Visitor: 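Here's a structure for you.
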Amino acid sequence: MALGALIASSLTFAASPSAGAAETLLSQGRTATASSQEGDAYSASAAVDGDLTGTRWASAWSDPQWIQVDLGSVQDLSRVVLTWEAARAQAYQIQASDNGTDWRTLKTVTDSDGGTDDLAVSGSGRYVRMLGTARAGGYGYSLWEFQVYGGGGGTAPPAAGGAVAVTGSQGNWQLTVDGEPYQVKGLTWGPSVADAARYLPDLRSMGVNTIRTWGTDGSSKPLLDEAAANGIKVVSGFWLQPGGGPGSGGCVNYVTDTAYKNDSLTEFAKWVDAYKSHPGVLMWNVGNESVLGLQNCYSGDELERQRDAYTGFVNDVAKKIHTIDPDHPVTSTDAWTGAWPYYKRNAPDLDLYSMNSYGDVCNVRGAWEEGGYTKPYIITEGGPAGEWEVPDDANGVPDEPTDVQKAEGYTKAWGCVTGHQGVALGATLFHYGVEHDFGGVWFNLVPDGLKRLSYYAVKKAYAGSTSGDNTPPVISGMTVSPASSAPAGKEFTVRADVRDPDGDPVTYKVFLSGNYASGDKGLVEAKWRSTGNGTFAVTAPEKLGVWKVYIQAEDGHGNAGIETKSVKVVAPPVDGTNIALNRPTTASSFQESYGDCPCAPGLATDGRADTRWASDWSDPQWIQVDLGAPTAFRTLQLVWDPAYAKAYEVRVSDNGTDWRTVHTTTAGDGDIDTLDVAATARYVRLQLTARGTEWGYSLHEFGIYS
């Protein structure tokens with residue numbers, strides 16, 4: 001056992017030497033064009049993508065036709081390899097050009113019999129093309145691969161990114177690319193692939209050398225291409241259910257679901273084979289937070305069996321990837337160092353571990369040391385404390401860190417990663433995202449394209465300096481008043497101190513998020529007005545519950561400070577006494593068991609905003625209060641649950657039999673209805689005739705005020 005441990009601790013995970021070291025494959029992944037293509041699936045690029053059996057270029061069914069590849073600069077040429085599909089050339093020429101216009105012939109073939117033509121050539125050029133002059137049959141020309149070899153001339157980089165390896169011994173590991181040390185200075189990638197060319201140069205300017213993705217498929221190539229063009233590599237992810245910690249994507253039985261595992265293994269292998277030689281690939285990452293996420297699917301002994309089976313399957317994937325691509329390491333991410341014992345026991349073929357850790361990132365080192373692990377790791381998500389790690393505020397919702405605290409969170413995280421020398425090989429911190437919503441403001445470095453203090457904290461960590469940069473306004477001391485009793489539809493006060501380090505004039509926006517009140521994570525611009533000295537009067541939404549209010553201060557240079565606090569929206573106060581409070585209340589129906597029910601009628605007159613009456617899901621329905629004796633009143637306040645009435649009448653009666661209508665509406669919109677209704681009666685009834693939703697009718701409060 002001691003010998004085995006010694007051997008394990010000194011393993012070197014290295015790439016196999018590449019064949020043909022004297023020459024370089026120049027064409028793979030380069031720009032290719034053609035005289036024609038048979039359809040969208042048969043473009044010229046398919047003949048230089050490294051896939052020898054899965055993708056191909058196919059021309060129109062006529063002579064002549066050509067396909068050419070741009071090597072990026074003039075190169076010395078030594079060999080051209082054509083891998084033909086059944087639709088082949090009988091006669092063709094291999095030509096080269098320095099400018100794409102003036103061509104010289106390097107080789108003429110008049111009797112090709114298909115298959116693979118491996119042709120020695122002599123010459124140089126930036127552009128190399130196959131000019132087909134005679135087809136062997138009635139179809140067009142079709143190539144699985146068009147490969148051009150050479151090297152020694154020009155400055156074009158090789159298309160392949162070189163071998164990536166984990167080298168060293170226990171506690172003294174490093175990541176290398178082409179034998180050179182490589183520390184992962186990364187960010188998780190959020191924008192669309194279509195925006196890669198727009199944003200990746202910005203990441204490069206931050207000192208970022210790596211991005212992380214969660215899925216790899218046919219849409220990944222443009223991102224890999226742009227990353228490589230910017231000197232950035234990709235931790236290419238593969239998603240497994242139930243990923244994302246909470247169990248997103250459904251539950252899988254890793255003990256018995258052979259079909260899911262086989263399908264996943266086949267799919268992952270397909271894309272590893274497609275991209276294994278791409279210069280943008282750094283490593284493969286199998287799964288995300290699934291060891292943790294399985295607790296949302298199973299419990300007890302079965303949970304343990306599933307976790308062992310899941311990590312065993314991850315090992316199967318790692319072994320498969322290694323057989324296809326020995327030149328890139330394989331890792332697997334989880335959100336909890338408690339997952340590592342499962343990987344240690346069941347996934348020995350992983351080259352390194354990965355961990356998502358935010359506020360707790362500095363404790364990862366201790367967990368690694370205490371666990372006696374013999375593999376290095378990277379942090380694949382990290383940054384400021386998350387929603388699940390912070391204390392609740394006075395309104396009972398997570399107290400979001402300030403911009404300053406978030407920036408400090410990134411600095412601290414990077415310090416703890418680099419402090420675990422020889423074990424932590426770097427990080428892809430979270431998150432280079434552009435969403436301007438609840439989660440985006442919490443974590444994104446560039447929400448809506450605006451750079452935050454956190455952006456500059458990461459830039460300083462990776463690039464070493466932000467000297468000369470124009471940086472965002474700094475917001476401090478934000479307060480909301482009244483924070484726990486802002487009347488719906490009325491103004492409340494927001495105040496903050498704002499300074500701009502560069503003395504730039506600052507403009508403001510105020511937003512609201514109903515994430516905790518309604519589940520809507522979007523930000524909507526509030527109705528607000530400035531009252532001077534960093535103070536704003538903001539109109540509360542009509543919907544009750546805890547909302548987030550955001551101050552956004554912009555400096556006109558693409559930077560923004562954003563601070564947020566919670567505000568609890570309550571029903572507007574009504575003058576007078578609620579004479580319906582705790583009076584006998586009856587209804588046409590009520591839900592006895594659904595969600596938070598039973599929801600009896602009396603819960604609408606108990607004076608509590610957290611209880612409710614709920615009817616059956618049909619029309620019409622009614623709810624009424626017995627005031628005990630004819631009593632004068634002048635105001636009704638109805639506090640609706642999301643299941644509200646679109647049309648209803650207020651009816652009153654002295655005997656509970658003969659009713660008269662004192663108010664009618666057909667335009668109810670839910671939330672709160674405060675009605676001026678002057679009447680004297682013993683019974684007050686809401687006659688509900690049209691629901692505003694597919695559900696029934698539901699009232700948190702039915703208030704009647706004298």
Side-chain angles (χ1 to χ4, degrees), residues 20 23-151 153-154 156 158-160 221 225 274 277:
E23 61 182 1
T24 300
L25 175 59
L26 303 172
S27 54
Q28 190 159 303
R30 308 300 296 183
T31 301
T33 54
S35 53
S36 64
Q37 63 187 52
E38 191 174 338
D40 291 342
Y42 304 105
S43 65
S45 62
V48 293
D49 63 0
D51 190 340
L52 280 170
T53 59
T55 59
R56 62 187 175 94
W57 164 67
S59 77
W61 297 7
S62 62
D63 291 315
Q65 300 290 336
W66 54 261
I67 180 173
Q68 71 183 47
V69 60
D70 179 358
L71 304 179
S73 66
V74 174
Q75 296 288 311
D76 291 334
L77 307 173
S78 61
R79 191 159 55 102
V80 174
V81 180
L82 307 176
T83 305
W84 293 102
E85 198 253 348
R88 61 181 175 85
Q90 179 176 322
Y92 61 90
Q93 297 174 8
I94 301 299
Q95 299 179 323
S97 172
D98 296 334
N99 56 18
T101 302
D102 303 309
W103 296 92
R104 51 193 174 272
T105 299
L106 306 181
K107 180 74 69 173
T108 298
V109 176
T110 59
D111 56 354
S112 174
D113 58 1
T116 299
D117 290 349
D118 192 333
L119 309 172
V121 297
S122 178
S124 64
R126 171 175 174 173
Y127 302 89
V128 179
R129 79 177 177 182
M130 185 285 298
L131 175 62
T133 55
R135 291 167 291 145
Y139 303 109
Y141 297 86
S142 183
L143 282 168
W144 291 111
E145 281 295 294
F146 178 29
Q147 296 170 304
V148 179
Y149 291 85
K221 188 176 185 299
D225 290 347
S277 299

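Numbering of residues begins at 1 and proceeds along the displayed sequence. Computed from a predicted model, the values in this text were never measured in an experiment.
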Visitor: Quick one: closest heavy-atom pair of A46 and R56, and the distance?
Guide: CB-O, 3.5 Å
Visitor: Using modelled atom types and a 3.5 Å cut-off, is there a donor and acceptor pairing between side-chain atoms of T133 and backbone atoms of A91?
Guide: yes
Visitor: Hey, is OH on Y42 packed in by over 12 heavy atoms from elsewhere, all under 6.0 Å?
Guide: no
Visitor: Show me the pairs that pass ring-ring contact (aromatic ring centres under 6.0 Å, His included) and involve residues 112-145, at least two apart or across chains.
Guide: W61-Y139
Visitor: Could you measure the distance from the CD atom of Q93 to the CE atom of M130? Nearest 0.5 Å is fine.
Guide: 10.5 Å
Visitor: Heavy atoms only: give me the nearest L106-G123 pair and the separation to one decimal.
Guide: CD2-CA, 4.4 Å
Visitor: Per the salt bridge (charged side-chain N to carboxylate O under 4.0 Å, His left out) rule, what does the pair list look like for residues 111-120, sequence neighbours excluded?
Guide: R79-D118
Visitor: To the nearest 0.5 Å, what is the distance between CZ (R129) and OG1 (T105)?
Guide: 8.5 Å
Visitor: With respect to Y92, which candidate in T110, T108, V109 satisfies the side-chain contact (heavy atoms from CB on, under 4.5 Å) definition?
Guide: V109
Visitor: Which value, rounded to the nearest 0.5 Å, describes the distance between S35 atom OG and W66 atom CH2?
Guide: 6.0 Å
Visitor: If only atom types and distance count, is the side chain of R88 paired as donor or acceptor with the main-chain N or O of S112 below 3.5 Å?
Guide: yes
Visitor: Tell me the closest heavy-atom pair linking A96 and G125, and the distance in Å.
Guide: CB-CA, 4.4 Å
Visitor: Please report the closest heavy-atom contact between D40 and Q37, naming both atoms and the distance.
Guide: CA-NE2, 3.7 Å
Visitor: With sequence neighbours left out, what residues match F146 under ring pair (Phe, Tyr, Trp, His ring centres under 6.0 Å)?
Guide: none
Visitor: Working to the nearest 0.5 angstrom, can you tell me the gap between E38 CD and S36 OG?
Guide: 9.0 Å
Visitor: Would the distance check show the side chain of R104 and the main-chain N or O of S124 forming a donor-acceptor pair, the cut-off being under 3.5 Å?
Guide: yes
Visitor: Determine the minimum heavy-atom distance between D76 and L26, stating which atoms define it.
Guide: O-CD1, 4.1 Å
Visitor: Would you please name every residue forming a side chain to side chain contact (heavy atoms under 4.5 Å, CB included) with D102, sequence neighbours left out?
Guide: N99
Visitor: Can a donor-acceptor pair be found, under 3.5 Å and without considering hydrogens, that links the side chain of S142 to the backbone of W57?
Guide: yes
Visitor: Identify the heavy atoms of K107 and L119 that sit nearest to each other, and give their distance.
Guide: CG-CD1, 4.2 Å
Visitor: For D225, give me all partners under side chain to side chain donor-acceptor pair (under 3.5 Å), at least two apart in sequence or on another chain.
Guide: K221, H278
Visitor: How many angstroms lie between atom CG of L143 and atom CH2 of W84, to the nearest 0.5 angstrom?
Guide: 4.5 Å
Visitor: Ignoring hydrogens and angles, tell me if any N or O in the side chain of R30 forms a donor-acceptor pair with the backbone of L71 under 3.5 Å.
Guide: yes
Visitor: A side-chain contact here means heavy atoms from C-beta on lying under 4.5 Å apart; do Y149 and V80 qualify?
Guide: no
Visitor: Would you compute the distance between atom CD of Q95 and atom CD of Q68 and round it to the nearest 0.5 angstrom?
Guide: 10.0 Å
Visitor: Determine yes or no for a side-chain-to-main-chain donor-acceptor pair under 3.5 angstrom, with Q147 supplying the side chain and S27 the backbone.
Guide: no
Visitor: Any side-chain heavy atom of I94 within less than 4.5 Å of one from L82?
Guide: yes
Visitor: So, using ring pair (Phe, Tyr, Trp, His ring centres under 6.0 Å) as the criterion, who are the partners of W103 when residues are at least two apart?
Guide: none
Visitor: Would you say the side-chain atoms of Q75 pair up with the backbone N or O of L77, donor to acceptor, closer than 3.5 Å?
Guide: no
